[in-house]
Amino acid sequence: MVKPIRETDGPRHVAIIMDGNGRWATQRGRPRLFGHHAGARRVREIVEACPDAGVKYLTIFAFSTENWKRTQVEVAGLMSLFRRYIAKETRALKSENVRVRFIGDRIRLDHKLVALMDELEQFTSTCTGVNLTIAINYGSRDEVARAVKRLAQDAAAGRLDPDTVNEETLTRYLDTHVLPDPDLVIRTSGEARISNFLLWQSAYAEYEFVDTLWPDFSAEEFTRLVEGYRARDRRFGAVKA
Ligand code: FPP
């Protein structure tokens, strides 16, 4: 059943740093990948909570440009998890009217994974419900550097007048160019860091750092944080008036 997205006064775009899978697994005496699998199952629940919460855009940090420094076993396990996740969730995402996009540099990802990512983007391109953006091999500084490189190439080729370059120009070159800026950024697992996630885009975002480890993060907690954002926003409006 496709749910309409509830009209609210925000947040329209929520971004999440899904942290704590490793600790969650360690607490249970299991390998870290066990935690990542449990974390992947949480993604569906949060996506499904978006329409009722009034969230039209959800962006999740699945793998950073720094995560390659993990052991070969963990990196290979995560890549295999992404492939399986995409293959397994494709139909459900489409039937729930979820439009999926990926951000990050695909150059270092294996061809099979990139093909699945392209296919899922294409397959859900006509969906009009929640916009789910999954960041894989994503780093904000890397994204800005890639954007500036293409911008400079366009300027050198005469396609762009350097005198016209402003904030909006750079925004158009970012991986996120079709998305609005995040209104709320959530990080789980008690760490109060941004870790190179959507730095440019989150200049005016509200932040929520919660202690819950990602595999325990529930739709109820997500909805509570979204409602908390609205309460904060309304107070701000009252002060301004
Ligand atoms: C951080 O926890 C989590 C990651 C680096 C991977 C995130 C991946 C998932 C939630 C699952 C897959 C997602 C999709 C879209 C299929 P950590 O390993 O840094 O945890 P720790 O800080 O406790 O060690």
Side-chain angles (χ1 to χ4, degrees), residues 14-50 57-94 96 98-106 108-110 112-121 123-124 130-140 142 175 185-198 209-219 221-222:
V14 178
I16 308 184
I17 302 173
M18 308 179 289
D19 196 11
N21 296 346
R23 273 163 285 167
W24 186 89
T26 305
Q27 283 171 6
R28 287 159 180 76
R30 304 295 297 267
R32 295 175 58 81
L33 275 167
F34 181 72
H36 295 316
H37 280 264
R41 286 194 291 277
R42 277 295 159 187
V43 172
R44 161 90 71 99
E45 190 182 327
I46 303 307
V47 173
E48 285 176 355
C50 284
Y57 295 86
L58 178 73
T59 300
I60 55 175
F61 205 2
F63 192 90
S64 76
T65 46
E66 290 74 35
N67 285 153
W68 298 104
K69 293 182 206 143
R70 296 187 175 204
T71 65
Q72 206 264 331
V73 169
E74 185 169 351
V75 169
L78 276 166
M79 294 300 150
S80 147
L81 171 60
F82 297 147
R83 286 196 300 271
R84 282 166 50 183
Y85 178 86
I86 294 172
K88 193 169 139 266
E89 295 289 315
T90 293
R91 300 223 152 262
L93 289 163
K94 170 99 169 185
E96 284 170 23
V98 177
R99 180 164 187 177
V100 184
R101 297 181 181 88
F102 293 91
I103 55 171
D105 192 356
R106 299 180 190 201
R108 214 175 148 180
L109 303 175
D110 81 56
K112 239 197 265 169
L113 174 57
V114 174
L116 285 164
M117 289 158 62
D118 288 341
E119 227 172 83
L120 182 54
E121 283 187 336
F123 190 62
T124 61
V130 173
N131 289 269
L132 171 66
T133 303
I134 305 175
I136 299 183
N137 193 27
Y138 176 85
S140 211
D142 177 69
D175 296 352
V185 179
I186 298 170
R187 183 178 187 137
T188 58
S189 95
E191 312 285 350
R193 288 193 295 271
I194 306 309
S195 298
N196 204 10
F197 188 45
L198 302 175
F209 300 100
V210 297
D211 287 337
T212 315
L213 303 178
W214 174 253
D216 291 329
F217 188 72
S218 63
E221 188 165 10
F222 174 73

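In listed order, ligands and their atoms are each counted from 1. If you're wondering where the values come from, they're calculated on a predicted model, not measured in any experiment. For the numbers below, each heavy atom of this structure counts, side chains included, while hydrogens, waters and symmetry mates do not.
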For this session: Please confirm whether Tyr85 comes within less than 3.5 Å of ligand 1 when only nitrogen or oxygen atoms on both sides are compared.
Result: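 In fact, backbone or side chain, Tyr85 has no N or O that close.
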Exercise. Are any of the N or O atoms of Trp24 closer than 3.5 Å to those of ligand 1?
Worked result: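 Between Trp24 and ligand 1, no N or O pair is found under 3.5 Å apart.
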Exercise. Hey, is Ala62 one of the residues with a heavy atom under 4.0 angstrom from ligand 1?
Worked result: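 Yes.
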Problem set entry | Test item, Arg42 contacting ligand 1 (heavy atom, 4.0 angstrom) |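 False for this residue.
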Problem set entry | Residues Ile16, Leu58; criterion side chain to side chain contact (heavy atoms under 4.5 Å, CB included); working and verdict | CA-CA 8 Å; Ile16 308 184; Leu58 178 73; 3.9 Å; yes
List the closest protein heavy-atom neighbour of [atom]: residue, atom name, distance to the nearest 0.1 Å.
{"atom": "atom 5 (C) of ligand 1", "result": "Asn67 OD1, 3.6 Å"}
{"atom": "atom 20 (O) of ligand 1", "result": "Gly22 N, 3.0 Å"}
{"atom": "atom 4 (C) of ligand 1", "result": "His36 CE1, 3.9 Å"}
{"atom": "atom 1 (C) of ligand 1", "result": "Met18 O, 3.2 Å"}
{"atom": "atom 10 (C) of ligand 1", "result": "Asn21 ND2, 3.3 Å"}
{"atom": "atom 12 (C) of ligand 1", "result": "Phe82 CE2, 3.7 Å"}

Exercise. Is the Phe63 ring parallel, tilted or perpendicular to the Phe82 ring (thresholds 30°, 60°)?
Worked result: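 Taking Phe82 first and then Phe63, their aromatic rings stand perpendicular (interplane angle over 60°).
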Exercise. What do the steps show when you test Glu121 against Arg106 for salt bridge (Lys or Arg N to Asp or Glu O under 4.0 Å), and what is the final call?
Worked result: CA-CA 14 Å; Glu121 283 187 336; Arg106 299 180 190 201; 2.9 Å; yes
Problem set entry | Option whose closest heavy atom lies nearest to atom 19 (O) of ligand 1, chosen from Arg70, Glu66, Arg32 |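 Among Arg70, Glu66, Arg32, the closest heavy atom to atom 19 (O) of ligand 1 belongs to Arg70.
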Problem set entry | Shortest non-hydrogen contact between Trp68 and Arg108, atoms and distance |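 Scanning both residues, the minimum pair turns out to be CD1-NH1, 3.2 Å.
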For this session: Apply side chain to side chain contact (heavy atoms under 4.5 Å, CB included) to the pair Leu198 and Val185, showing each step before the final yes or no.
Result: CA-CA 9 Å; Leu198 302 175; Val185 179; 5.8 Å; no
Exercise. Which of the numbered atoms in ligand 1 are below 4.0 angstrom from a heavy atom of Trp214?
Worked result: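 Near Trp214, meaning under 4.0 Å from one of its heavy atoms, ligand 1 has 10 (C).
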Exercise. Of the options Phe217, Phe34, Trp214, which is the one that meets Trp24 in a ring pair (Phe, Tyr, Trp, His ring centres under 6.0 Å)?
Worked result: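 So the option named by the test is Phe34.
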Exercise. So, do Phe197 and Thr59 sit near enough that their side-chain heavy atoms are less than 4.5 Å apart?
Worked result: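 They are in side-chain contact.
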For this session: Could you list the residues that satisfy salt bridge (charged side-chain N to carboxylate O under 4.0 Å, His left out) with Arg42, not counting sequence neighbours?
Result: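 Here the qualifying residues are Glu45.
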